[in-house]
Amino acid sequence: MMSVSISPGEVVGLVGDNGAGKSTLIKMVSGVYQPDGGEIYFAGKNVTFAGPREARDLGIETIYQDLALAENLDVGSNIFLGREIKTRYVGGMFQTLDRRKMRDESATVLKRLEIEVPSLTQQIRNLSGGQRQAVAIARSIYWNARLMIMDEPTAALGLASSVKC
């Protein structure tokens, strides 16, 4: 049996052999998998998640090694992916994406984190691995992550960036 406790503001690294279950544990804490034993406590309460949305609603944000970014979308669209800001028209009958607001909010969080990208309108596929990872981190910060989990955080970086970590 395993027990892990993480306090606010604490940075914890989970290290183990390939196949040891690190990614599986992450997916259970983030609601992707349902544990078949044991318990998960978050903020002092025993929790179970029917899916990742329930974990995110509690403030658990996960950055997977593939970063879960949509390569064909711009920076702002990726920060709001799945939680897009919409403008409603005609009493709510019609709605459109509020791309300007999403771009403005994205610019604010990137500036606060001192993250620089060439352009907020640039497709994610045109950014470096480090810039992509920065966008994924900014997304978690924007949504007020109480627990940020990074699975293989150097996987998206080039060799030179990984060596610096």
Side-chain angles (χ1 to χ4, degrees), residues 1-73 75-86 95 97-98 101-102 105-106 108-115 117 124 127-159 161-165:
M1 181 145 121
M2 180 170 115
S3 178
V4 177
S5 178
I6 302 169
S7 300
E10 187 174 21
V11 176
V12 175
L14 182 59
V15 180
D17 290 335
N18 288 342
K22 300 177 302 291
S23 293
T24 301
L25 175 64
I26 287 168
K27 289 177 180 176
M28 285 189 287
V29 173
S30 60
V32 174
Y33 293 160
Q34 310 308 311
D36 53 9
E39 297 175 322
I40 298 173
Y41 286 84
F42 186 72
K45 296 180 182 165
N46 188 334
V47 295
T48 57
F49 305 119
R53 183 169 303 248
E54 289 183 12
R56 282 196 318 257
D57 288 346
L58 283 180
I60 299 172
E61 293 285 338
T62 306
I63 302 170
Y64 296 98
Q65 51 187 305
D66 67 358
L67 304 178
L69 298 172
E71 302 257 323
N72 62 323
L73 297 179
V75 173
S77 296
N78 270 280
I79 288 178
F80 287 89
L81 193 61
R83 300 182 247 191
E84 293 82 359
I85 297 174
K86 298 174 184 170
Q95 54 185 337
L97 295 180
D98 192 338
K101 177 131 176 121
M102 290 190 298
E105 292 288 317
S106 298
T108 300
V109 71
L110 291 171
K111 183 177 180 181
R112 187 176 103 212
L113 296 173
E114 298 179 12
I115 295 171
V117 293
I124 289 292
L127 300 180
S128 71
Q131 289 167 329
R132 292 175 193 205
Q133 187 172 54
V135 169
I137 291 168
R139 177 177 55 200
S140 292
I141 297 296
Y142 180 82
W143 294 105
N144 297 316
R146 295 176 64 201
L147 173 63
M148 183 187 310
I149 303 170
M150 298 178 77
D151 187 12
E152 300 276 348
T154 61
L157 302 177
L159 179 60
S161 298
S162 295
V163 172
K164 291 179 187 175
C165 291

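This structure is a prediction, so every number in the text was calculated from the model and none was measured.
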Review point. Hey, does the side chain of Asn78 reach the backbone of Leu73 with a donor-acceptor pair shorter than 3.5 angstrom?
Key: yes

Practice item. First locate atom CD1 of Ile63, then atom CE of Met150, and finally report the distance between them rounded to the nearest 0.5 Å. Key: 4.5 Å

Check your understanding: If you look at every heavy atom in Leu67 and Gln133, which pair is closest and at what distance?
Key -> CD1-N, 3.6 Å

Review point. Any side-chain heavy atom of Ile60 sitting closer than 4.5 Å to one from Ile149?
Key: yes

Review point. Taking atom CG of Leu81 and atom CE of Met102, what is their separation to the nearest 0.5 Å?
Key: 9.5 Å

**Study point:** Beyond-backbone contact of Gln34 with Thr48, side-chain heavy atoms, under 4.5 angstrom
**Key:** no

Review point. Is there side-chain contact between Phe80 and Leu97, with heavy atoms separated by less than 4.5 Å?
Key: no

**Study point:** From CD (Glu61) to OH (Tyr142), nearest 0.5 Å
**Key:** 12.0 Å

Review point. For Glu114, does the CD atom sit with more than 12 other heavy atoms under 6.0 Å from it, leaving out its own atoms?
Key: no

Review point. With no hydrogens and no angle check, is any side-chain donor or acceptor of Glu84 less than 3.5 Å from a backbone partner on Gly82?
Key: yes

Revision key, fill the gap. In terms of heavy-atom contacts, Ala138 and Leu110 come closest through CB-CD2, 3.7 Å

Check your understanding: Asn46 and Glu39: which non-hydrogen atoms are nearest, and at how many Å?
Key -> ND2-OE2, 3.3 Å

Check your understanding: How about Lys101: does its NZ atom have over 12 heavy atoms from other parts shown lying under 6.0 Å from it?
Key -> no

**Study point:** Side chains of Val75 and Ile124 in contact at under 4.5 Å (non-hydrogen atoms)
**Key:** yes

Point to revise | Test item: Leu69 and Arg139 side chains (from C-beta on) under 4.5 Å apart, heavy atoms | key: yes

Point to revise | Minimum heavy-atom distance Ser30-Tyr64, with the two atoms named | key: OG-OH, 3.0 Å

Check your understanding: Distance from Ser23 atom OG to Glu152 atom CD, nearest 0.5 Å?
Key -> 6.0 Å

Point to revise | Lys NZ or Arg CZ of Arg56 over Trp143 ring: under 6.0 Å, within 45° | key: no

Practice item. Calculate, to the nearest 0.5 Å, the distance between atoms CG and CG belonging to Leu14 and Leu25 respectively. Key: 6.0 Å

Review point. Is Lys22 reaching over with its side chain to a backbone N or O of Gly16, donor-acceptor style, under 3.5 angstrom?
Key: yes

Check your understanding: Are any non-hydrogen side-chain atoms of Thr24 and Met28 less than 4.5 angstrom apart?
Key -> yes

Study note, to complete from the structure: Value for CG (Asp66) from CZ (Arg132), rounded to nearest 0.5 Å, stands at 11.0 Å

Review point. What do you reckon, is CG of Asp17 surrounded by more than 12 foreign heavy atoms closer than 6.0 Å?
Key: no

Practice item. Compare every heavy atom of Met148 with every heavy atom of Ile141, then report the nearest pair and how far apart it is. Key: CD1-CE, 3.4 Å

Review point. Is the shortest side-chain N to carboxylate O distance from Glu105 to Arg83 below 4.0 Å?
Key: no

Check your understanding: Hey, are the side chains of Lys27 and Thr62 touching, using non-hydrogen atoms and a 4.5 Å cut-off?
Key -> no

Check your understanding: Can you check whether Leu147 reaches Val29 side chain to side chain, under 4.5 Å on heavy atoms?
Key -> yes

Revision key, fill the gap. Heavy atoms of Gly76 and Ser106 approach each other most closely as CA-OG, 3.2 Å

